[in-house]
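Please read the structure below before turning to the comments.
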Amino acid sequence: MELKKVVITGGPSTGKTSVIEHLESKGFPCVHELIRSMTLSEKNEAGSTDFSVNPIVSVKDPKKFNQQLLEGRIKQYTSVENTTGEVVFFDRGIPDVHAYMNCFGQEYDEAFERPCHIYRYDKILLMPPWKEIHVVDNERFESFEEAERVYEYLKSTYEKVGYPITLVPKGSIEERTEFILKQLNLY
């Protein structure tokens with residue numbers, strides 16, 4: 001049986017990481033988001049403590065930052081080749097990089113899009129904006145309105161590169177996890 005690669009994505013503060021951590025606590029292999037550690041590193045390197053918008057536009061060299069993020073996501077994708085089990089979950093996927101770049105009006109060339117067609121996932125699970133759980137913190141800067149915009153760009157980018165999208169309904173971490181596992185016939 002071939003390992004299924006499943007992306008859980010969505011705008012900021014939609015519960016992705018909490019669900020990923022819950023899946024991991026149930027024994028499922030999970031690949032965690034890179035951007036939080038990259039943002040902290042960039043803030044420390046720049047000596048800045050005040051990013052007021054998404055890091056891909058706040059950093060000194062956004063294109064370099066996005067290139068490093070893309071390379072990191074590709075490395076994550078290829079790192080699971082020897083993972084045993086039926087499924088591995090990714091907290092965001094490769095297409096998220098240019099979805100965010102589109103959302104924030106950044107230009108990119110074919111090199112940013114090509115990996116979306118080379119490294120394919122088996123299922124894309126998209127979490128909708130959820131005002132009641134939305135927070136802003138040291139690595140998450142988007143307002144709820146920006147989070148809604150990010151969601152729309154994620155949805156359209158994944159669809160543009162040929163993925164059907166499954167929306168994960170709002171609910172408790174346990175309810176969302178159960179929904180995901182049922183979608184994958186793992187429950």
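- Formation of a donor-acceptor pair under 3.5 Å by the Arg176 side chain with backbone atoms of Pro169 is found in this model.
- Proximity of Val168 to Phe179: side-chain heavy atoms (C-beta onward) are separated by under 4.5 Å at one or more points.
- Note on Ile94: it does not cluster hydrophobically with Tyr153, by side-chain heavy-atom contacts below 4.5 Å among ILVMFWY residues.
- Taking CD of Glu152 as the start and SG of Cys103 as the end, the distance is 10.0 Å to the nearest 0.5 Å.
- With contacts defined as side-chain heavy-atom distances shorter than 4.5 Å, the pair Pro12/Val150 qualifies.
- Of the possible polar contacts, none joining the Glu178 side chain to the Glu175 backbone as a donor-acceptor pair under 3.5 Å is found.
- Using bins of under 30°, 30° to 60° and over 60° for the plane-to-plane angle, the ring pair Tyr163/Tyr121 lands in the tilted bin.
- Taking 4.5 Å as the limit, some side-chain heavy atom of Tyr158 sits within range of a side-chain heavy atom of Val7.
- Counting heavy atoms from C-beta on, the side chains of Phe89 and Pro29 never come closer than 4.5 Å.
- Counting only heavy atoms from C-beta outward, the side chains of Glu159 and Ile165 approach each other to under 4.5 Å.
- A 6.0 Å sphere centred on NZ of Lys170 holds more than 12 heavy atoms belonging to other residues, nucleotides or ligands.
- Looking only at side-chain heavy atoms (C-beta outward), Thr84 and Leu3 stay at 4.5 Å or farther from each other.
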> Could you go step by step and tell me if Phe28 and Val88 meet the side-chain contact (heavy atoms from CB on, under 4.5 Å) rule?
Replying inline: CA-CA 7 Å; Phe28 292 100; Val88 62; over 6 Å; no
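- Checked by atom type and distance alone, the side chain of Arg73 never pairs as donor or acceptor with a backbone atom of Pro95 at under 3.5 Å.
- A donor-acceptor pair under 3.5 Å is absent between the side-chain atoms of Thr157 and the main chain of Leu154, judged by distance alone.
- A salt bridge does not link Glu71 with Lys75: none of the charged nitrogens is closer than 4.0 Å to a carboxylate oxygen.
- For Glu107, the CD atom counts as loosely surrounded, since its 6.0 Å shell holds 12 or fewer non-hydrogen atoms of other residues, nucleotides or ligands.
- Salt bridge absent: Glu145 and Arg149 never bring a charged side-chain N and a carboxylate O closer than 4.0 Å.
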>> I'd like to know whether Leu23 forms a side-chain contact (heavy atoms from CB on, under 4.5 Å) with Leu181, so could you lay out the CA-CA distance, the side-chain angles of the two residues, the decisive distance to 0.1 Å, and finally the verdict.
In response: CA-CA 9 Å; Leu23 286 162; Leu181 295 177; 3.8 Å; yes
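- At least one test fails for Lys5 against the ring of Phe90: distance under 6.0 Å to the centre or angle within 45° of the axis.
- Thr14 contributes no side-chain N or O that, together with a main-chain N or O of Gly10, makes up a donor-acceptor pair within less than 3.5 Å.
- At a cut-off of 3.5 Å, with distance as the only test, no side-chain donor of His32 or Gln76 sits close to an acceptor on the other residue.
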>> The test is side-chain contact (heavy atoms from CB on, under 4.5 Å); show your working for Ile8 and Asp91 and say whether it passes.
In response: CA-CA 5 Å; Ile8 298 176; Asp91 187 343; 5.9 Å; no
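- A donor and an acceptor atom, one from each side chain of Lys123 and Thr166, are located under 3.5 Å apart.
- Using a 4.0 Å cut-off between charged nitrogen and carboxylate oxygen, Glu21 and Lys26 do not count as a salt-bridge pair.
- No side-chain heavy atom of Leu125 sits less than 4.5 Å from a side-chain heavy atom of Thr9.
- At least one side-chain heavy atom of Arg120 sits under 4.5 Å from a side-chain heavy atom of Val161.
- In this structure, Phe112 has its ring center no closer than 6.0 Å to that of His98.
- Using modelled atom types and a 3.5 Å distance limit, the side chains of Tyr100 and Asn66 yield no donor-acceptor pair.
- The backbone N or O of Lys155 lies less than 3.5 Å from no partner atom in the side chain of Lys160, so there is not a single donor-acceptor pair.
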